[in-house]
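Have a look at the structure below before the remarks.
Just so it is clear, the structure is predicted and the values come from calculations on it, not from any experiment.
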Amino acid sequence: MFSRKKISAVILASSLALSLGACSSSDTSGEKKESTGYPKKAITIVAPSGAGGGWDLTARSFTKVLSETKLVSQPLTVENKPGGGGAVFMADYATQQVDNNDMLFVNSPPVIINNLKKEGNSPYGYKNTTPLAQLTKDYGAIVVKADSEFKDLKSVLEVVKKDPRKLTFAGGSAPGSMDHLISILPAYEYGLNPTELKYVSYDGGGEAITALLGGNADVIGTDASSVREFLKAGKIRVLAVTSTERLGGDLKDIPTAKEQGVDAEFTIWRGVFGPQNMSDEAKTYWNESIAKLVETSEWKKEVEAQGWEQEYKNSEEFGKFLEEQEKQVQQLLEALGMEK
């Protein structure tokens with residue numbers, strides 16, 4: 001549960017994949033429905049953001065490995081559909097694509113947050129979809145340009161303490177959404193009023209980083225996995241990550257916020273969703289395909305290469321988890337005064 005002194009979207013421990021049913025299903029008369037041979041057409045995987053952010057990377061890794069391993073025989077394509085931190089796509093998906101078995105999308109806590117927050121909220125959320133699987137977990141990162149005057153998290157917070165409007169914070173989601181929560185969480189835990197911070201939203205983490213590099217933002221909050229290449233290229237400095245302990249790989253030398261005396265932890269999950277009226281055959285197909293995917297060496301290598309941590313839940317487990325996560329997010333938004 002969330003408390004005023006510790007806000008985090010803590011992800012529950014991963015579960016083992018359950019045995020999945022056969023592709024055929026039964027109607028109320030007990031007669032088996034004939035298989036339609038799904039999928040018969042190309043499958044579109046939507047990233048509801050611009051290129052370069054966490055959703056985009058997840059969608060492209062997902063399709064890449066499904067194709068490489070030939071777990072899906074039909075062609076797979078990724079489409080970017082930015083707008084409103086995912087809310088624009090959700091409005092179309094929940095009303096116009098409700099029966100489209102051939103269009104899936106990736107998302108993370110914003111599918112819950114956007115539906116619950118007060119400002120710019122979406123009337124649609126995960127209950128207007130068919131949750132198919134949780135794939136990974138990630139963490140937030142507080143980032144500045146490589147030549148920034150700020151060398152650690154507390155130096156930023158001290159400036160904000162003196163003048164909350166002096167620095168421009170930015171992220172790839174709307175106010176009250178995930179990147180915003182990551183951006184303001186350290187200030188909140190430092191005893192500052194997060195509503196006084198100046199926050200500018202962009203459509204996706206890629207655009208937020210572009211704004212940072214272009215001098216249009218002083219600090220951004222984003223997901224740690226999406227900044228690795230910029231860090232390796234020497235373009236940015238990561239001041240802190242919101243994990244419970246230091247991460248590995250390219251981020252191994254980055255201290256956690258907690259190490260710096262700021263008890264800010266935030267965990268990000270990413271998963272795959274289908275349309276609300278997805279057929280039983282299509283749902284079973286994806287349950288089986290994704291369960292096989294996460295066990296392949298190709299997927300495990302991709303997860304490691306992207307700096308993610310694998311945390312798989314099948315459709316049933318994921319749906320139950322989202323119910324609990326929704327309660328937690330509601331409490332988080334209430335604590336910040338951002339609930340509907």
Side-chain angles (χ1 to χ4, degrees), residues 1-11 49 83-88 90-91 107-128 139-143 153-154 156-205 208 211 217-223 240 242 257-258 261-269 322-340:
M1 304 295 284
F2 290 99
S3 66
R4 181 160 182 86
K5 299 308 291 177
K6 191 176 184 72
I7 299 175
S8 63
V10 180
I11 306 306
S49 64
V88 172
M90 272 302 301
N107 218 287
S108 52
V111 77
I112 297 174
I113 298 169
N114 289 346
N115 186 226
L116 297 179
K117 68 180 182 176
K118 177 169 56 178
E119 297 296 331
N121 72 80
S122 169
Y124 308 104
Y126 82 91
K127 292 177 182 175
N128 302 105
Y139 299 95
I142 306 300
V143 180
L153 182 59
K154 278 195 173 179
V156 170
L157 297 176
E158 282 299 314
V159 169
V160 173
K161 185 176 181 179
K162 293 175 183 177
D163 183 358
R165 305 292 292 179
K166 184 172 182 179
L167 302 179
T168 297
F169 289 76
S173 63
S177 295
M178 189 170 66
D179 283 3
H180 185 201
L181 297 179
I182 291 170
S183 298
I184 66 173
L185 181 59
Y188 180 85
E189 294 294 351
Y190 203 59
L192 308 180
N193 183 350
T195 63
E196 295 180 350
L197 272 65
K198 181 181 177 182
Y199 176 81
V200 179
S201 62
Y202 292 88
D203 279 327
D218 299 298
V219 186
I220 66 169
T222 188
D223 31 283
T242 64
K258 192 168 186 177
V262 184
D263 195 12
E265 296 177 5
F266 198 105
T267 310
I268 304 165
W269 54 264
L322 290 170
E323 291 180 14
E324 294 303 313
Q325 186 76 358
E326 184 177 52
K327 297 173 186 175
Q328 293 179 323
V329 169
Q330 180 68 40
Q331 290 181 335
L332 184 155
L333 292 173
E334 288 174 357
L336 293 177
M338 295 180 180
E339 79 283 6
K340 281 184 184 177

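Y202 and A170 make their closest contact through CE1-CB, 3.9 Å (heavy atoms, listed as atom of the first residue, atom of the second, distance). The two residues L197 and V160 have their closest heavy-atom pair at CD1-CG1, 3.7 Å. The two atoms that bring S122 and M90 nearest to each other are OG-CB, 4.5 Å, heavy atoms only. Taking every heavy atom of both residues into account, M178 and S173 meet most closely at N-OG, 3.5 Å.
A distance-only check finds no donor-acceptor pair linking the side chain of S49 to the backbone of G204 [under 3.5 Å]. Formation of a donor-acceptor pair under 3.5 Å by the D179 side chain with backbone atoms of G172 is found in this model. At least one donor-acceptor pair closer than 3.5 Å links the side chain of D203 to the backbone N or O of G84.
For the atom pair OH (Y188) and OG1 (T195), the distance works out to 11.0 Å, reported to the nearest 0.5 Å. K198 NZ to R165 CZ: the interatomic distance, rounded to the nearest 0.5 Å, is 6.5 Å. Taking OG1 from T222 and CD1 from I268, the interatomic distance works out to 7.5 Å, rounded to the nearest 0.5 Å. Atoms CD and NZ, from E323 and K127 in turn, are 7.0 Å apart once rounded to the nearest 0.5 Å. For the atom pair NZ of K118 and CG of L116, the computed distance is 13.5 Å after rounding to the nearest 0.5 Å. Between the OH atom in Y199 and the CD1 atom in I184 there is a gap of 9.0 Å [rounded to 0.5 Å].
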Could you go step by step and tell me if V159 and D218 meet the side chain to side chain contact (heavy atoms under 4.5 Å, CB included) rule? CA-CA 12 Å; V159 169; D218 299 298; over 6 Å; no

Passes side chain to side chain contact (heavy atoms under 4.5 Å, CB included), Y126 versus Q325? Steps please. CA-CA 11 Å; Y126 82 91; Q325 186 76 358; over 6 Å; no

Just do the side chain to side chain contact (heavy atoms under 4.5 Å, CB included) check on W269 and T267 with the steps written out, would you? CA-CA 7 Å; W269 54 264; T267 310; over 6 Å; no

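Checking T242, L192, L153 one by one against P186, the side-chain contact (heavy atoms from CB on, under 4.5 Å) holds for a single residue, L153.
Listed by chain and number, the residues in a ring-ring contact (aromatic ring centres under 6.0 Å, His included) with Y190 amount to none (sequence neighbours excluded). Listed by chain and number, the residues in a side chain to side chain contact (heavy atoms under 4.5 Å, CB included) with E196 are P164, N193 (sequence neighbours excluded).
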